[in-house]
Amino acid sequence: MFRTRRLRKTEGIRRLVKETKVSVDDFVYPLFIEEGENIEKEIVSMPGIKRFSLDRISKELDEVVALNIPAVLLFGIPAKKDDEGTETWNDNGIMQQAIRFIKKNYPSLYVITDVCFCEYTSHGHCGIIHDNDVDNDATLVNLAKQVISHAKAGVDMVAPSGMMDGTIAMVRESLDNTGFANLPIMAYSVKYASAFYGPFRDAADSAPTFGDRKTYQMDPSNRDEGMREATFDDQEGADILMVKPALSYLDIIRDLKNNFDRPIACYNVSGEYAMVKAAAEKGWIDGEKVMMESLLSMKRAGADIIITYFAKEAAKVLNRK
Ligand code: PBG
């Protein structure tokens, strides 16, 4: 008889045959940085996650570095918004200040910026609006300005998340033409129009004031189209391909892993975080175990990099072992 249980008998043998391991090296920790002073605000639907102004963020960064988390992903929340999100390319904007602050005070920390407009536009959409919809090509022009401004501030990697067609080609070309040929791009390649972003939109003040994002983010029904999106980004020169959200899209992560010779990232989004936190708070699940099992499943699906609000907590668990 086949006896698979022989290799499950003790912790020792289970360790030897373990196929997938999550490591703190896999983590990117998102940070919400708000323009202003003396801000340290808990996000209600994301227990443990806060918005910080730069004068209050050192404690958080000290902790990230002490836990040996290699990278952070920055989101900026500006004091003023407008139709086009012009603050995104202000060389003295909140994102640019944040990049300079972190690179100066925490030089070993790898800084990635989310490159988008929704936190910066008065209407909350990810670009310029024409005829009640986001204008793809006009948005790309502003995207180039934003990316160059982040590059000049000293960012280590940019991650465009707006799902405009031609984004990666535009970003690559703009960076190459301005002396930043060595700056890598992590593409939000396969990003779905997902209800799992709910808590984030509270966190970043970025909910659209009209309509939804279905004309630019992908339909959750589509798997083949995900391959198409990833192929374009791969060909346009993305260095890392990302799938977002993670848990309901593990099949897509595996598709990318099997088909592209690039590091694959996934984004364990706000709603996924909130669900675990809420159920754990009620005592309905063991929050720590479910957190670790979820992260493991993303790794097993094929993610080399996991962007997660759990990074600090999971790092503590991993460092304990
Ligand atoms: C867009 C962006 C979003 C998230 C990351 N970048 C929101 C959206 O597309 O509506 C969501 C992240 C999360 O839910 O944790 N700038």
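We count ligands from 1, going down the list as the structure has it; atoms in each ligand are counted the same way. Since we're looking at a predicted model, the values are computed, not measured. Quick note: residue numbers are just sequence positions, from 1.
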Exercise for the section: With heavy atoms only and a cut-off of under 4.0 Å, state how Tyr273 meets ligand 1: side chain, backbone, both or neither. Expected result: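 Tyr273 to ligand 1: no contact under 4.0 Å from either part.
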Exercise for the section: Using a 4.0 Å heavy-atom cut-off, say whether Ser270 meets ligand 1 through its side chain, its backbone, both or neither. Expected result: both
Problem - Distance (rounded to the nearest 0.5 Å) between Ile57 CD1 and Tyr106 OH - result: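 So the gap between those two atoms works out to 8.5 Å.
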Protein contact of [atom] - nearest heavy atom, named by residue and atom, plus distance:
atom                    : result
atom 15 (O) of ligand 1 : Tyr309 OH, 2.6 Å
atom 11 (C) of ligand 1 : Lys244 NZ, 2.9 Å
atom 12 (C) of ligand 1 : Phe200 CD1, 3.3 Å

Tell me, do [X] and [Y] make a side-chain contact under 4.5 Å, heavy atoms counted?
X      : Y      : answer
Ile13  : Val17  : yes
Leu61  : Asn105 : no
Ser161 : Phe117 : no

Handout entry: Check: Asp82/Thr86 side-chain N/O donor and acceptor closer than 3.5 Å
Key =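 A donor-acceptor contact under 3.5 Å links the two side chains.
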Exercise for the section: Establish, from distance only, whether the side-chain atoms of Asp83 and Ser122 form a donor-acceptor pair under 3.5 Å. Expected result: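 The criterion, which ignores hydrogens and geometry beyond distance, is satisfied for Ser122 and Asp83.
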Practice task
May I ask which of Lys191, Arg213, His125, Glu272 has a heavy atom nearer to atom 2 (C) of ligand 1 than the others do?
Solution key: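 Minimum heavy-atom distance to atom 2 (C) of ligand 1 goes to Lys191.
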Under a 4.0 angstrom heavy-atom cut-off, which atoms of ligand 1 come close to [X]?
X      : value
Glu119 : 16 (N)
Tyr267 : 12 (C), 15 (O)
Ser161 : 1 (C), 6 (N), 16 (N)
Phe75  : 5 (C), 6 (N)
Gln217 : 8 (C), 9 (O)
Cys118 : 1 (C), 16 (N)

Practice task
Taking the six-membered ring for Trp and the full ring for Phe, Tyr or His, determine whether the centres of Tyr309 and Tyr29 are under 6.0 Å apart.
Solution key: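 No: the rings miss the under 6.0 Å criterion.
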Handout entry: Phe310 and Phe27 aromatic centres sub-6.0 Å
Key = no
